[in-house]
Amino acid sequence: MHRSGLFVSNHFSSHLSQQHLSLQNKYQGAGGGGNPDKGPARNPMGKKLRPGSPGRGRGDDDRGGGRGRVSLRLGMGKRGRQNEVRNRRGSLRKKDRSREKAEKEERALERRTVQLPGTPMTVGELAEAIGETPVSVIKFLMVDLGVMAAISQTLDPPTCEAVAEGFGKVVAGEDDEYDDDEDDEDDEDTALDLGVAWDEDDDEDLVPRPPVVTIMGHVDHGKTSLLDAIRNTRVTAGEAGGITQAINAYQVEHEGSPITFIDTPGHAAFTDMRERGANTADMIILVVAADDSVKQQTADSIACARQAGVPLLVAVNKIDLPTADVNRVLSDLAGYEVLVEDLGGEVLCSQISAKEGTNLDDLLGKIMLQAEVLDLKANPNRDAQGVVIEARVEKGLGTVATTLITKGTIRVGDSFVAGEASGKVRALIGPDGKTRLKEAGPSMPISITGITGIPAAGDLMVVAEDEQTARELAASRSRIARERQSSSYQSGLMQSVAGIFSGGQKELREICVVVKADVQGSAEALARSLSELKLENEEVEVKIKVLISEAGDVTKSDIAVASVTPGTTVIAFNAGANVAAMDDARMLGVPIEYYSVVYDAIESVECRMQEVLSPTPEGEYVGSAIVQEVFNIGGTGNIAGSKCRDGIIKKGSNVRVLRGDKILTESKVRTLRNFKSEVDTITTGDECGIGLLDYEEFEVGDVIESFVLK
């Protein structure tokens, strides 16, 4: 049985060998084998085949193009099984998909890109343009941008772009025309600045309204005295220093027609107040004293009027004084391109005397003439809008905001928002401060109570749909303001750190103050004036840091904030402090300084800055010596070879080393020698060697000053 199996195996092996040779001859005969006349056999790639090795050749299967290896696996196609598997599975090499990715991003960008016309659009039109619902756009405006708007109200182009970008859209420019006018539009207030969308009234809804007149000019030129004469009151007598330090609004009648007056301060510290007064007025009366002519704040008032784009009326006051020179005033005004009618210009002018009441009717008549030319109108039958002129805190009333209504009618019970404050009208008090009103229309200055928080002077007051909407909008504006302050602080901090690492920056010393005033506008004006103060020398820079700037009396919380930073002073400008605050101030050592005149407060702070810049040394001066040469004594250190200039210097006395105006150190005299002998005292004119405790960095020209502590 074993032999039978062996026979079968050998027979099968011989059969396979014959089949193998037959196949080899077939492939070689097809052109892949060797030829005795042509040299050794080569494979299709041109490589020599080893003797006895099976050659590669063209297959003769039906496909006709396959390449085969001598194997039992026949019919592998044109490139064999390896290529077939590779084609089926794909290449393991990473494909370059950057082009596909770029095309995909480009298509996504095209889907996100929106085309805005570059002109004002209503909320509904903007929502349709960016593919969002009007409700979502209104919510975004209120929550993220702090802007109150309705679906039919108009948004300016910058606000439209901010909304589109907030929804992840890319704004494509319409044309270059909008870009050319971009600088002009930057000067105009946008919805982002005002906090409310535009809302134009129909012409048939407009009715005539009283003119709003702002009185401006240099300090002590008679602005408030003029208003007193028109109102027949005595306001100036009740003001500290006889000057106006707050902005006020009044309303008077002339021949049955009401006129609203806004009185602004003339001091340089109240620039912001003058700008607010100019922006809320229909015309400006520039009061110039006939005996003083044009001054700095006069020029400032002219600039405010031009910036606000309102007409100017000139009132030359104090013509009753013997030193009055009206021609000089008119000539100086012409230097500022203010040409009155008498000199061929278009500016109306009246020569008056507020003290004597001269020509006041002529001035009022010209105001009404200018109002007729301007054709002032407003819509009283709509939700009210107004401008906060001033805000203060009164006992029994809380926060009171003096507001000038610009359009619409405000009523008791209306919910409103003003800047970061909101509330519901509890009472409307007339310009006289006594009359309670149920409603107030355009050009009416009134005092509003029922406010939560203190609005800033100049904030826009808008009546809201309900109290909840007003609170949400005020909260959104507060959050946005905090984010801006945080961003500004971080930017300033990074610049400060960069300056420190770059080197060459002066040492910064800050004086912290807390400002409390009777009205918010005065607090802001004083805080700004203090923040702009700066003193410096070659090495040190002194600035003022205002921690708090609010209206109202000094409270315990103000003292707590001031006590955190040593050396902080509380400035109470026309404000008081309650008993609890004064007790805490005494216990914590926080000084409270009271002022009624603004420049007194500024001068006091400047004196403190000078003290910080160059502090007055302690102790009583005894004598001084100037360093003429520096000697190094082995084992003793550096000795200052000096000459006593005046007074006496004793061994063991307290001394300070001065280099220029800077105090380098304070120490004590360790050694005192006069010609190799140790002495206890030197006097004027003596030469000596002075050694100090723990200080050896002398330089020629240093001054060693001796003092005695009391």
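Excluded from the calculations below are hydrogen atoms, water molecules and symmetry mates; all remaining heavy atoms, backbone and side chain alike, are included.
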**Prompt:** Does a side-chain N-to-carboxylate-O contact under 4.0 Å join Glu524 and Arg528?
**Reply:** no
**Message:** For the backbone of Ile649 and the side chain of Ser653, can you confirm whether one donor and one acceptor N or O come within less than 3.5 Å of each other?
**Reply:** no
**Prompt:** Taking C-beta and beyond as the side chain, do Val287 and Val314 meet within less than 4.5 Å on heavy atoms?
**Reply:** no
**Message:** Is it the case that the side chains of Thr684 and Arg645 hold a donor-acceptor pair, with the cut-off being a distance below 3.5 Å and no angle test?
**Reply:** no
**Request:** Report yes if some heavy atom in the side chain of Phe631 is under 4.5 Å from a heavy atom in the side chain of Asn638; otherwise report no.
**Result:** no
**Complete:** Nearest heavy-atom approach of Ala315 to Ile352 is CB-CD1, 3.9 Å
**Asked** Between the side chain of Ser667 and the main-chain N/O of Leu693, is any donor-acceptor distance below 3.5 Å?
**Response** yes
**Request:** Hey, could you give me the CG/NZ distance between Leu226 and Lys318, rounded to the nearest 0.5 Å?
**Result:** 11.5 Å
**Message:** One thing to verify: whether Glu666 and Arg656 come together as a salt bridge, which I'm taking to mean a side-chain N less than 4.0 angstrom from a carboxylate O.
**Reply:** yes
**Request:** For the residue pair Val655 and Glu705, establish whether any side-chain heavy-atom pair is separated by less than 4.5 Å.
**Result:** no
**Fill in**
Between Leu339 and Ala334, the two heavy atoms sitting closest are CD2-CB, 3.6 Å
**Asked** So, Ser604 side chain and Ala601 main chain: donor-acceptor pair closer than 3.5 Å or not?
**Response** no
**Prompt:** What is the distance from atom CG of Leu286 to atom OG1 of Thr214, rounded to the nearest 0.5 Å?
**Reply:** 12.0 Å
**Item:** Salt bridge flag under 4.0 Å for residues Asp558 and Lys516
**Value:** yes
**Asked** Once you round to the nearest 0.5 Å, how far does CD1 of Ile639 lie from CD1 of Ile690?
**Response** 9.5 Å
**Asked** Salt bridge between Arg659 and Glu699, side-chain N to carboxylate O under 4.0 Å?
**Response** yes
**Asked** Between Ser225 and Gly222, is there a donor-acceptor pair closer than 3.5 Å when you use the side chain of the first and the backbone of the second?
**Response** no
**side chain to side chain donor-acceptor pair (under 3.5 Å) assessment of Ser596 paired with Asn574** = CA-CA 5 Å; Ser596 58; Asn574 288 329; 4.8 Å; no
**Request:** I would like to know whether Met216 and Leu312 meet side-chain contact (heavy atoms from CB on, under 4.5 Å); could you show each step before the answer?
**Result:** CA-CA 10 Å; Met216 303 179 69; Leu312 198 66; over 6 Å; no
**Message:** In the structure I gave you, are the side-chain heavy atoms of Val703 and Val627 within less than 4.5 Å of one another anywhere?
**Reply:** no
**Request:** Using atom types as modelled and distance alone, determine if a side-chain donor or acceptor of His221 lies under 3.5 Å from a backbone N or O of Ala289.
**Result:** yes
**Asked** Do Ile571 and Ile592 have side chains that get closer than 4.5 Å, going by heavy atoms?
**Response** no
**Check ion pair Arg392-Glu390 (N to O, under 4.0 angstrom)** = no
**Request:** Determine the minimum heavy-atom distance between Ala551 and Ile454, stating which atoms define it.
**Result:** O-CD1, 3.7 Å
**Distance, nearest 0.5 Å, that separates CD1 of Ile682 from CD of Glu687** = 10.0 Å
**Request:** Answer yes or no: is there a donor N or O on one side and an acceptor on the other, between the side chain of Ser549 and the main chain of Ala523, under 3.5 Å?
**Result:** yes
**Asked** What do the steps show when you test Ile704 against Ser642 for side-chain contact (heavy atoms from CB on, under 4.5 Å), and what is the final call?
**Response** CA-CA 9 Å; Ile704 301 175; Ser642 310; 4.2 Å; yes
**Asked** Do the charged groups of Arg673 and Glu678 touch, with an N to O distance under 4.0 Å?
**Response** yes
**Working for side-chain contact (heavy atoms from CB on, under 4.5 Å), residues Val329 and Asp325** = CA-CA 7 Å; Val329 172; Asp325 189 350; 5.9 Å; no
**Asked** Do Val542 and Glu536 have side chains that get closer than 4.5 Å, going by heavy atoms?
**Response** no
**Prompt:** Side chains of Asn578 and Asp553: does their closest heavy-atom pair fall under 4.5 Å?
**Reply:** no
**Asked** What heavy-atom pair brings Asp332 and Tyr336 nearest, and what distance separates the two atoms?
**Response** O-CD1, 3.3 Å
**Message:** Would the distance check show the side chain of Tyr695 and the main-chain N or O of Glu697 forming a donor-acceptor pair, the cut-off being under 3.5 Å?
**Reply:** yes
**Asked** Got a sec: does the CG of Asn632 have more than 12 other heavy atoms crowding it under 6.0 Å?
**Response** yes
**Message:** Quick one, Tyr621 and Asp646 - any side-chain contact, counting heavy atoms below 4.5 Å?
**Reply:** yes
**Message:** Could you walk me through whether Lys534 and Glu532 satisfy the salt bridge (charged side-chain N to carboxylate O under 4.0 Å, His left out) test, starting with their C-alpha distance in whole Å, then the side-chain angles of each, then the deciding distance to 0.1 Å, before giving a yes or no?
**Reply:** CA-CA 6 Å; Lys534 182 174 71 172; Glu532 292 175 351; over 6 Å; no
**Request:** Evaluate the side-chain contact (heavy atoms from CB on, under 4.5 Å) criterion for residues Leu672 and Cys688: first the C-alpha distance (whole Å), next the side-chain angles of each, then the deciding distance (0.1 Å), finally the verdict.
**Result:** CA-CA 7 Å; Leu672 188 63; Cys688 61; 4.2 Å; yes
**Prompt:** Nearest heavy-atom pair of Gly552 and Val393: which atoms, and what distance?
**Reply:** CA-CB, 4.3 Å
**Message:** Please report the interatomic distance OG(Ser301) to CZ(Arg306), rounded to the nearest 0.5 Å.
**Reply:** 12.0 Å
**Request:** Using a strict 4.0 Å threshold on nitrogen-to-oxygen distance, state whether Lys651 and Asp680 make a salt bridge.
**Result:** no
**Message:** For the backbone of Arg328 and the side chain of Ser331, can you confirm whether one donor and one acceptor N or O come within less than 3.5 Å of each other?
**Reply:** no
**Item:** Spatial distance of atom CG (Asp694) from atom OG1 (Thr665) [nearest 0.5 Å]
**Value:** 8.5 Å
**Fill in**
Smallest heavy-atom separation, Val554 atom then Ala572 atom, equals CG2-CB, 4.1 Å
**Message:** Between Asp584 (side chain only) and Ala581 (backbone N and O only), is there a donor and an acceptor less than 3.5 Å apart?
**Reply:** no
**Item:** Derivation and outcome, side chain to side chain donor-acceptor pair (under 3.5 Å), residues His218 and Asp292
**Value:** CA-CA 10 Å; His218 191 70; Asp292 204 15; 5.2 Å; no
**Asked** Between the side chain of Asp459 and the main-chain N/O of Ala456, is any donor-acceptor distance below 3.5 Å?
**Response** yes
